[in-house]
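The analysis underlying the following values was restricted to heavy atoms, covering all of them including side chains, and did not include hydrogens, waters or symmetry mates. Remember, predicted model here, so these are calculated numbers, not experimental data.
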Amino acid sequence: EKLTIAVAANFKHTMDELVAQFEADTGHQVTVATGSTGGLYTQILHGAPYDLFFAADAERPQLLEQRQLIEPNSRFTYAIGILTLWQPQQEPSLALLTDWSKKVSIANPKTAPYGEAAAQVLTKLGLFQQYQRRLVKGNNIVQAYQYVDSGNVELGFVSLSQLTAAGVREHYYVIPQQYYHPIEQQAVVLKRSNQLALATQFAHFVQQNKATVIAAGYRLPEGN
Amino acid sequence: MSADFQALYITVKLALVTTVLLLLVSPPIAWWLAHSKNRYRTIAEALVALPLVLPPTVLGFYLLLAFSPQYFPGALWQDISGQSLAFSFTGLVIGSMIYSLPFVVQPLQSGFATLGVKELEAGATMGMSRLQRFRYIVVPMTKRSFMLAATLGFAHTMGEFGVVLMIGGNIPGETQVISIALFEHVEALEYQQAHIMAGGLMVFSMVLLLFIYGYLNRSQGKHQQTRFW
Amino acid sequence: MSADFQALYITVKLALVTTVLLLLVSPPIAWWLAHSKNRYRTIAEALVALPLVLPPTVLGFYLLLAFSPQYFPGALWQDISGQSLAFSFTGLVIGSMIYSLPFVVQPLQSGFATLGVKELEAGATMGMSRLQRFRYIVVPMTKRSFMLAATLGFAHTMGEFGVVLMIGGNIPGETQVISIALFEHVEALEYQQAHIMAGGLMVFSMVLLLFIYGYLNRSQGKHQQTRFW
Amino acid sequence: MQLTVHLDQYFGQFRIELQLCIKLRGIIGVFGTSGAGKTSLFRAIAGLNQSAPNQLSLIKLDGNTLEDSQKKVFVEAEHRNIGFVFQDSRLFNHLTVEQNLSLAIKISQRKEPLISYQDVVQGCGIEPLLTQSAEGLSAGQRQRVAIARALLGSPKLLLLDEPLAALDHDSRQHLVAFLNQVSELIPMLFISHSVSETLTLCDPLILLEGGRIKAIGSREQLAETLPKRRASAVVTEFDPETGKLCLDTIPDLLPEFKPGQRIGIVAEPSWLKSRELTRDD
Amino acid sequence: MQLTVHLDQYFGQFRIELQLCIKLRGIIGVFGTSGAGKTSLFRAIAGLNQSAPNQLSLIKLDGNTLEDSQKKVFVEAEHRNIGFVFQDSRLFNHLTVEQNLSLAIKISQRKEPLISYQDVVQGCGIEPLLTQSAEGLSAGQRQRVAIARALLGSPKLLLLDEPLAALDHDSRQHLVAFLNQVSELIPMLFISHSVSETLTLCDPLILLEGGRIKAIGSREQLAETLPKRRASAVVTEFDPETGKLCLDTIPDLLPEFKPGQRIGIVAEPSWLKSRELTRDD
Ligand SMILES: Nc1ncnc2c1ncn2[C@@H]1O[C@H](COP(=O)(O)OP(=O)(O)OP(=O)(O)O)[C@@H](O)[C@H]1O
Ligand SMILES: Nc1ncnc2c1ncn2[C@@H]1O[C@H](COP(=O)(O)OP(=O)(O)OP(=O)(O)O)[C@@H](O)[C@H]1O
Ligand code: MOO
Ligand SMILES: [Mg+2]
Ligand SMILES: [Mg+2]
C-alpha cells in the first residue's frame with residue numbers, strides 16, 4: 001500500500017527522515033509531495049490525490065475542516081515553528097534591526113506563516129513602516145533563507161529548522177515568543193483518501209516521534 | 001536519484017507526447033492563420049497567443065478549476081473516462097499542449113506566411129490537391145519552420161514549471177516532472193543534488209539541441225554558392 | 001488594487017525595456033546564427049536555446065547565485081555600480097533578457113534563414129553595405145519575423161514567473177510584477193481579487209495582441225492577387 | 001476542343017476585358033506588347049486568379065464550364081487539367097530535375113504520360129541535367145525542365161508563357177520542333193515576343209493590347225499586323241539623281257518586304273538612335 | 001578601361017576556366033548556349049561567388065585588383081561599383097518602382113546619377129509604372145525597371161544578363177537604342193541569345209562554350225561563328241533536271257548566305273521535325 005503526503009516546504013527535510021523510519025518500520029511505501037502551504041491547499045480543494053496534508057499553519061487545515069474535506073477529528077498540531085533572525089557575518093540581535101539600513105529577507109506575510117510572524121515582530125518593534133520597501137519577500141520561508149544563504153541579502157528572518165538542517169550553529173538569534181503568535185503547524189488526514197487506516201497510522205506515528213521533530217528545530221505544543 | 005531519473009523519464013515522455021500531438025494539431029491552425037482573410041482571424045491569432053502572456057501559474061490555476069469535477073469540463077471528463085484530469089498524466093499533456101501551443105503555431109504560421117505562392121501555383125496547375133501541395137511543397141519548403149516549431153514546443157514543455165506546479169500535484173512517478181523535482185531540491189536546500197540535476201539537464205538539453213541544430217545545419221543550403229548568407 | 005496597478009505598471013515597463021533591449025541585441029546574433037558557416041555556430045545555437053529548456057526557477061536560482069556578491073559577476077557589478085543586482089529592477093531586466101532571448105532570436109533567425117539571397121545580391125551590386133542591405137532589404141522583407149520576435153519577447157516577459165519569483169524579492173513598486181501579485185492572491189486565498197486581476201490581464205493581453213495582429217494583418221500582402229495563400 | 005473565355009476583371013489598375021472563342025488545335029499564338037495582359041489572361045484560364053465580386057468571368061473548355069461568375073461556378077486550378085509553363089519557371093528547388101519530373105507524372109495519376117518520359121527528356125534536351133538539383137540550374141536549363149515537367153503532367157491544354165525566352169538559338173530550334181510535334185497530342189496556347197517564333201510555330205494568332213483583343217485570325221491574316229514594321233538600316237548607296245537608295249539591314253529586325261510594297265522612310269526617327277544610325281553623321 | 005579575368009572555378013560539377021583581357025568600351029557581347037557559363041562569369045566579375053580554396057581567380061578592373069586568390073585579395077561586391085541586371089530582375093518587391101529607383105540613386109551617393117533620372121526613365125519606357133508596386137509588374141516591365149535601377153546606380157561597368165529576353169519587339173528596339181547611346185558613358189557586358197541583338201549592339205564579342213572561351217574578337221570576325229548555321233526551310237520549287245532548288249525560309253532563323261557560299265542540305269534533319277517540314281510528306 002502506498003501513501004501520498006503533501007508537505008509544506010519547511011517541513012520537507014524532517015518529513016523525509018520520518019518517512020524513512022516509517023517505511024523501515026512498516027514496510028509501506030510513502031510518497032512525499034512538497035509545495036507552499038497555499039499552493040498545496042489550492043490543489044487539495046480541487047481534488048489532489050493526497051492522503052495527508054502537513055501545512056505550515058493552522059489556518060488552511062481549519063479551512064479544510066470547515067469544508068468537511070478532512071477525516072473528522074484528524075486535525076492536529078505536529079510542530080510549532082521557531083523564528084530566528086539570521087546574519088551570517090555576525091551575531092544579530094533585535095537591536096540590530098533598528099539601525100539596519102539595508103534590505104531584509106522575510107517570507108511573504110500574505111502567504112507564508114513564517115512571513116506573517118516576521119511581520120508581527122517588525123510591527124511590535126514599530127519598524128514595519130520603515131522597512132516597507134526594503135523587505136525582500138520570498139514566496140515561502142525556504143526562499144527567505146536562500147536569499148540570505150546566497151549572499152544577496154545580509155539579514156533575514158528564517159526558521160530554526162532550516163538553520164538546523166543546514167548545520168548553522170552561530171550568528172542567529174532566536175526571537176522570543178512574545179514578539180509573534182505561535183506558528184502552529186497542523187496536519188490533517190484527508191477524507192478522500194482510500195487508505196484512511198494507514199493514513200491515521202502515519203499521523204500517530206508522527207505524533208509519537210517527538211524527538212525527531214524537536215531535533216529538527218521545532219517546539220511541540222504543550223500538553224502533547 | 002532514482003526518483004530524479006523517474007522525473008526525467010516523465011518529463012521527456014510528456015515533452016514528446018505533447019510535441020507530437022501539437023505537430024498534428026498546429027499545422028492546420030497555422031495555415032488558416034497565415035492565409036485566411038476571415039475577419040475572426042485576428043481574434044483567433046490573439047487567442048492562440050494568449051498562453052504566452054498569461055503567467056503559467058494563472059493558466060495552471062484556471063486549468064485546475066476547469067479540471068475540477070466541480071465544474072463542467074472536469075465533470076464531463078470524469079463522466080466519460082471515470083477519472084479525474086487534474087493530477088494525472090493526461091491532464092499534464094492537456095495543460096502542456098495549451099501552454100506550448102503558441103510556440104508551435106507561431107513559427108509554423110510565420111513560415112507559411114513567408115512561403116512564396118509561386119511554387120504553390122505551379123503545384124496547382126500540375127493538378128496537386130491541397131493536401132498534395134502541403135505534402136510535396138509546403139512541408140519541404142518550410143522544413144526549418146517545422147523543426148523550429150518542434151524544438152520550441154519540446155523545449156518549452158521540458159522547462160515547463162508553473163502549469164505543472166498547479167495541476168500536476170508533484171506526484172513522483174506520475175506527474176513529478178524534472179523542473180518540479182529540481183525546484184524541490186532547491187527548496188529543500190539540497191543544493192548538491194540540485195546542481196547535479198541541473199547540470200545533467202543542461203548536458204542533456206545541450207546534446208539534444210546540438211543534435212537538432214547539427215541536423216538542421218547539415219541539411220541546409222547545400223547548393224548555395226554565394227557570399228550573402 | 002492600487003498595488004495591483006503598480007504591479008501592472010512594473011510588468012509592462014519590464015516587458016517593454018526587455019523587448020527593446022532584446023531587439024537591439026538579437027538581430028546580429030540571429031544573423032550570425034542564420035548565415036555563419038563557423039563550426040562553433042551549432043554550440044552557440046544550443047546556448048541561445050538553453051533558457052528554453054531550463055525550468056525558469058532553476059534559471060532564477062543560478063541567476064541568484066550569479067548576482068550574489070559572493071561570486072564573481074555579482075561582485076563585479078557591485079564594484080562598478082555600488083549596488084546589488086538581486087531584487088532590483090535592473091536585475092529583473094537582465095534575468096528577463098536571458099530568459100526571453102531565444103524567443104526573440106529564434107524567429108529572427110528563422111526569418112533570416114528563409115530570406116532569399118537574391119535581393120541581397122542585387123543590393124550588394126548596387127553598392128549597399130552590409131548595414132544598408134540590412135536596413136533596406138532584410139528588415140522590410142522580414143518585417144513579420146521582427147513583429148513575431150517582438151510579440152513573443154514581450155508576451156513571454158509579461159507572463160514570466162519563475163525567474164522573477166527567484167530573483168525579484170516581490171518588492172511592490174520595484175520588482176513586484178503582475179504574475180507574482182496574482183500568484184500571491186491565489187496563494188493567500190484571495191480568489192476574488194485573483195479572478196479580477198486575471199480577467200483584467202486577459203483583457204489587456206487580448207487587446208494588446210489584437211492590436212499587434214490587427215496591424216500585422218493589415219500591412220501584409222496587399223498586392224497578392226491569388227487563390228493560393 | 002473548344003475554349004471560350006469571357007473576362008472583365010481588374011488586376012490592380014489594369015483592366016482585362018475580352019471575349020474569345022477558339023478551336024484548340026496545334027499551337028495558338030498569343031502576341032502583345034509588354035504589359036498587354038498576356039500573363040493575366042493565362043492565369044485566368046488556369047484558374048489562378050482570385051475571383052473578386054463585380055468581376056465577370058466565364059470560361060469553358062471542351063464543353064465543361066470551368067468558371068462562371070454569374071452562376072458562382074469556379075473549378076479549382078488543380079481540377080482543370082490545364083498545364084502552365086510560367087515565365088519564371090517555378091521549379092521545385094528542393095528536388096532534383098528527375099524528382100521534379102517524376103512528381104509531375106505521379107500527380108497526373110496516369111499510368112503512362114501522354115508523351116513518353118524518354119521523348120520529353122530528349123525533346124527538351126535535359127538528359128544531362130536529370131540528376132542535378134533544380135536549384136543549381138542556369139536560366140535556360142530551368143525553362144527546359146519546366147516545359148518537360150508541364151508536358152509530363154499530360155494536361156488537356158498547355159499554356160506556355162514565353163517558354164523559350166532564355167534559350168539560345170540551337171536549343172530554341174530544337175524545342176520549337178519538339179513542341180510543334182507534340183502539339184498534335186496536347187494543344188497549346190503560346191506567348192512569345194519573337195515574331196519569327198510565333199510565325200513559325202503558331203496558327204491561329206491572338207493579338208492582345210491593353211487588356212483587349214486587338215486582332216485574332218490565321219497566321220497569314222495577321223502576319224502583316226505583327227509589329228515587325230520598323231527596322232534600322234544603314235545607307236550604303238544613294239543616287240540623288242535616280243533616287244536609288246540601297247540600305248544595309250539586319251535580317252531579323254526586318255519587316256518582310258514584298259516587291260511592289262510601299263514603305264515609309266524616316267530620316268532621324270525618335271525611336272531609333274542607335275550608333276549604327278548616328279555614327280556616320 | 002581594361003578588364004582582366006582569369007578564372008578556374010567549380011560551380012557544382014561545372015568548371016569554368018578562362019582567361020580574358022579586354023578593353024572596355026561600348027557594349028561587349030557575351031554569347032553562348034544555355035549552360036555555357038555566361039551567368040557564372042558575370043557573377044564572378046561582380047564578386048558574387050563564394051571563393052573556395054583551390055579555386056583560382058584573378059580579376060582586375062581599370063588597374064585595380066578586385067580579386068586575387070593567390071594574394072587572398074577579395075573586394076566585396078558592394079565596393080566593386082559594378083552594376084548587374086539579373087536574368088530574374090530581382091526588384092525589391094516591397095517598394096514601388098519609384099522607390100526602387102531612388103534607392104539606387106541614394107545608395108550610389110552621387111549628387112547626380114551619371115545618366116539623368118529623366119533620361120533613364122524615358123529610355124527604359126517606365127514613366128507609366130513609377131507609382132506602381134514592383135510586385136504587380138509584368139515580366140517585361142520588371143526587366144525594364146531592373147535596367148533603369150542598375151543605370152541609376154552609376155556603375156563603372158554594367159553587366160547585363162539577358163536584359164531584353166522578356167520584352168516585345170518595340171520595347172526591345174527602343175531599349176537597344178537607349179543602351180547603345182548610354183554605353184558611351186557606362187561600358188557594358190551584355191549577354192543575349194538573340195543573334196541579331198548581339199550583332200546590332202555589341203562589338204567585340206566573346207563566345208563561351210562549356211565554361212571556356214571559344215572565340216573572342218570583333219563583330220565582323222565572329223559573325224560567321226555565331227550559331228546561325230541551321231535553319232528550317234520549305235521547298236517551293238525543285239527541278240530535278242537542272243537541280244534547281246528554291247526554298248522558302250523565315251528570315252530571322254536564317255544564316256546570312258552570301259552568293260557563292262557553299263551550304264549543306266539535310267533531307268530529314270533530326271534537329272528539326274517541325275510541322276513545316278513534315279506536313280507535306
Ligand atoms: N550552384 C550551382 N550548383 C551546381 N551547378 C551549378 C551551380 N551554378 C551553376 N551551375 C551549372 O553551371 C553551368 C553554367 O551555368 P550558368 O548559369 O553560368 O549558365 P548560363 O550560360 O548563364 O546559361 P543560361 O543561358 O541558361 O542562363 C550550368 O550547367 C549549371 O547547371
Ligand atoms: N497584382 C497586380 N497588381 C497590380 N497590377 C497588376 C497586377 N497583376 C498585373 N498587373 C498589371 O497588369 C498588366 C498586365 O500584366 P501581365 O503580366 O498580364 O502582362 P504581360 O502581357 O504578361 O506582359 P509581359 O510580356 O511583360 O510579361 C501590367 O500592366 C501589370 O502592371
Ligand atoms: O512552509 Mo511555508 O508555507 O512555505 O511557510
Ligand atoms: Mg507576362
Ligand atoms: Mg544565365
### Task
Would you mind checking which part of E/His79 comes under 4.5 Å of any heavy atom in chain C, side chain (CB onward), backbone (N, CA, C, O), both or neither?
neither

### Task
Select, from E/Leu152, E/Ile82, E/Leu95, E/Leu159, the one with the greatest count of heavy-atom pairs under 4.5 Å involving chain C.
E/Ile82

### Within 45° cone of E/Phe86 ring axis and under 6.0 Å: C/Lys118 NZ or CZ
no

### Query
Do E/Ser171 and E/Asp168 get their side chains close enough for a donor-acceptor pair, meaning under 3.5 Å?
yes

### Query
C/Glu119 versus chain E, heavy atoms under 4.5 Å apart: side chain, backbone, both or neither?
both

### Message
For E/Glu78, is there an ion pair with C/Arg133 - N to carboxylate O distance below 4.0 angstrom?
### Response
yes

### Query
Side chain, backbone, both or neither: which part of E/Leu91 has a heavy atom under 4.5 Å from chain C?
backbone

### Task
Please state whether the side chain, the backbone, both or neither of E/Arg80 comes within less than 4.5 Å of a heavy atom of chain C.
neither

### Message
What I'd like to find out is whether the side chain of E/Arg25 reaches to under 4.5 Å of the side chain of E/Pro187, using heavy atoms alone.
### Response
no

### Donor on one side chain, acceptor on other, C/Thr157 and C/Ser100, under 3.5 Å
yes

#### Entry: Region of E/Phe84 that comes under 4.5 Å of a non-hydrogen atom in chain C
both

